[in-house]
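In what follows, chains carry the letters A, B, and so on, assigned in the order in which the sequence lines appear, proteins first and then strands, with residues in each chain numbered from 1.
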2 protein chains.
Amino acid sequence: MRVGHARFDDRIFDETSCGSANSTIRTGPLTLLLRAQKMIRFASKQIIFHEDDPADAVFLFASGTVGQYRFLPNGRRLVAGFLFPGDFAGLSFGERYSLTAQSIAPTAAYSLPRAELNVLCSHSTALQTDLVCLLKQELVSEREAHLPMLHQAAHARVARLLLMLARRKGIDGCNGEAVQLTMTRSDIADYLGISVETVCRSFTKLKEDRLIASSSPDRIWIKNMARLSSLGEGQE
Amino acid sequence: MRVGHARFDDRIFDETSCGSANSTIRTGPLTLLLRAQKMIRFASKQIIFHEDDPADAVFLFASGTVGQYRFLPNGRRLVAGFLFPGDFAGLSFGERYSLTAQSIAPTAAYSLPRAELNVLCSHSTALQTDLVCLLKQELVSEREAHLPMLHQAAHARVARLLLMLARRKGIDGCNGEAVQLTMTRSDIADYLGISVETVCRSFTKLKEDRLIASSSPDRIWIKNMARLSSLGEGQE
DNA sequence: CGTCTCATTGAGAACAATCAACCACGGTGG
DNA sequence: CCACCGTGGTTGATTGTTCTCAATGAGACG
């Protein structure tokens with residue numbers, strides 16, 4: 001895969017402590033707890049946990065990219081979302097994982113057994129409060145990500161994904177930084193709910209319209225943030 | 001509107017204590033706490049809380065139907081979901097509501113100031129655990145509701161909504177009970193992310209194919225649960 | 001009895017899926 | 001070394017689906 005750079009930095013991008021803003025370092029009790037655990041490394045395309053397996057661990061990712069997905073009875077794959085450094089996985093599941101998590105690029109993660117987390121939570125109000133915050137955040141970002149897409153055309157969905165990725169990396173489109181797409185067109189299609197071909201055509205269209213530029217399929221420069229935003233946010 | 005029947009019963013339909021199953025009475029601490037609060041009644045089409053207002057109360061609905069929505073910049077309305085007796089609202093918001101809640105039918109709700117809830121939570125592990133459970137549930141059901149729809153055709157989305165409503169009412173399609181649609185075609189369209197016309201055509205198609213029957217637009221009988229399920233779940 | 005809102009249907013245009021071909025690249029094995 | 005294969009990306013042609021615009025019907029309500 002288009003990997004090899006395994007960027008491992010210590011900065012952790014996530015929402016602020018419990019509020020809203022982005023690309024800030026999270027330092028809640030749960031983050032600190034997880035970062036004290038031992039780290040596991042995954043090569044690309046490895047399964048981190050599998051749907052229907054007992055949900056016996058939670059994860060905090062330190063580097064790499066992870067996709068969470070499941071399958072429709074007809075065989076179509078639904079990608080629920082992508083996880084980046086600073087994101088948690090496993091917090092919201094019940095007895096069993098309801099999604100499969102797979103590394104898309106080489107990934108490092110802190111992991112904590114769920115049983116331990118439960119014990120710690122029952123003794124620490126701070127930890128439990130932090131957990132509530134994280135769940136709320138996850139719920140909000142889930143809503144922000146999926147709801148609007150249900151009402152948007154293909155081009156707009158692609159624009160929205162690019163904006164999300166850019167925001168995560170703190171890219172505003174003014175400086176020369178590129179958005180690195182660690183996932184394949186197929187991953188993107190299964191996330192956006194459109195076909196691979198339509199994803200391609202959308203990228204081509206965005207390039208033609210000079211909203212973005214790219215040297216290779218996985219490096220995208222945002223050339224016109226204003227128009228890309230208004231497309232992605234649903235202005236048009 | 002198609003109102004006037006204001007069915008007010010005391011039964012509360014919701015997921016089990018913290019697990020998964022449906023149409024069971026919830027008796028968690030939070031539910032009990034809310035049910036001890038004073039009840040507010042809303043006529044149809046009243047705003048219960050408004051997007052961007054300070055989120056200073058949580059609600060447990062006892063009767064009626066509520067729609068939660070917000071608007072895209074282009075003016076399209078996104079209906080995030082419908083709330084029924086036994087459902088909570090307001091648990092997942094931060095400082096401000098991120099959705100507007102409006103009664104679709106005459107509605108009764110127990111309400112508790114958020115500040116009070118916070119105090120109570122900080123003194124009761126049971127309450128906080130229950131809150132975590134509810135948030136997890138909300139997250140799971142949000143995912144179950146919206147993710148697959150992103151990948152489904154219009155007919156399947158309508159089928160999915162009918163299945164969801166039937167499940168909420170404990171209707172399995174064998175006995176003669178009808179699904180009562182308290183929301184308008186427009187509400188449904190804005191929830192499913194399709195146009196009103198397509199919603200109509202889907203209902204017509206489902207009737208032609210004898211998956212459902214109806215005497216009036218708001219009363220639907222499920223005639224072939226097997227086929228409706230396989231359509232809604234994404235078998236085809 | 002007009003006027004609303006909501007629901008339904010039709011016709012045409014716009015959109016996205018599918019099927020099919022092709023290119024670029026990175027192995028791998030002869 | 002190079003032919004071969006597999007994967008991922010892109011583009012074209014065709015088909016099917018959905019949207020939009022427009023008209024009409026059915027009730028509710030003043």
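In this structure, the NZ atom of A:K205 is 16 Å from the C1' atom of D:dT11, given to the nearest Å. The distance between atom CG of B:D218 and atom C1' of D:dA28, rounded to the nearest whole Å, is 14 Å. For the pair A:K207 NZ and D:dG9 P, the computed distance is 12 Å after rounding to whole Å. Between A:M183 atom CE and D:dG9 atom P there is a gap of 11 Å when expressed in whole angstrom units. The interatomic distance linking A:L150 (CG) with D:dC19 (P) rounds to 11 Å, in whole Å. Atom pair B:H151:NE2 and C:dT18:P shows a separation of 13 Å (rounding to whole Å applied). Between B:I188 atom CD1 and C:dA7 atom P there is a gap of 8 Å when expressed in whole angstrom units. Straight-line distance from the CD1 atom of A:I194 to the P atom of D:dT17: 19 Å, rounded to whole Å.
A cation-pi contact links A:R185 to A:F203, judged by a cut-off of 6.0 Å to the six-membered ring centre and 45° from its axis. Under a cutoff of 6.0 Å and an axis angle of 45°, B:R168 and B:F82 do not form a cation-pi pair.
An OP1 or OP2 oxygen of D:dT11 is reached within less than 4.0 angstrom by a side-chain nitrogen or oxygen of A:T204. For the OP1/OP2 pair of C:dC6 and a distance below 4.0 Å, the side-chain nitrogens and oxygens of B:T184 include no atom meeting the criterion. OP1 or OP2 of C:dC6 sits under 4.0 Å from a side-chain N or O of B:K45. A close approach under 4.0 Å does not occur between any side-chain nitrogen or oxygen of B:T198 and OP1 or OP2 of D:dT18.
Considering CD1 of A:I212 and NZ of A:K205, their distance stands at 11.5 Å, rounded to 0.5 Å.
Taking only distance into account, the side chain of B:R201 meets the base of C:dG10 through a donor-acceptor pair shorter than 3.5 Å. Side-chain atoms of B:R157 and base atoms of D:dT18 include no donor and acceptor less than 3.5 Å apart.
Of the candidate nucleotides D:dG9, C:dA7, C:dA17, C:dA17 has the atom nearest to the side chain of A:S195. The side chain of A:R76 sits closest to C:dT18 out of C:dT18, C:dA16, D:dT10. Of the candidates C:dT9, D:dT11, D:dG9, C:dT9 carries the atom nearest the B:C200 side chain, counting heavy atoms from C-beta on.
Both A:E197 and A:Q152 sit near DNA chain C, but only A:Q152 has its closest nucleotide nearer the 5' end.
No option in A:F42, A:Y69, A:F59 other than A:F59 meets the ring-ring contact (aromatic ring centres under 6.0 Å, His included) test with A:F49.
Here A:D187 pairs with A:R77 in a salt bridge; the nearest charged N to carboxylate O distance falls below 4.0 Å.
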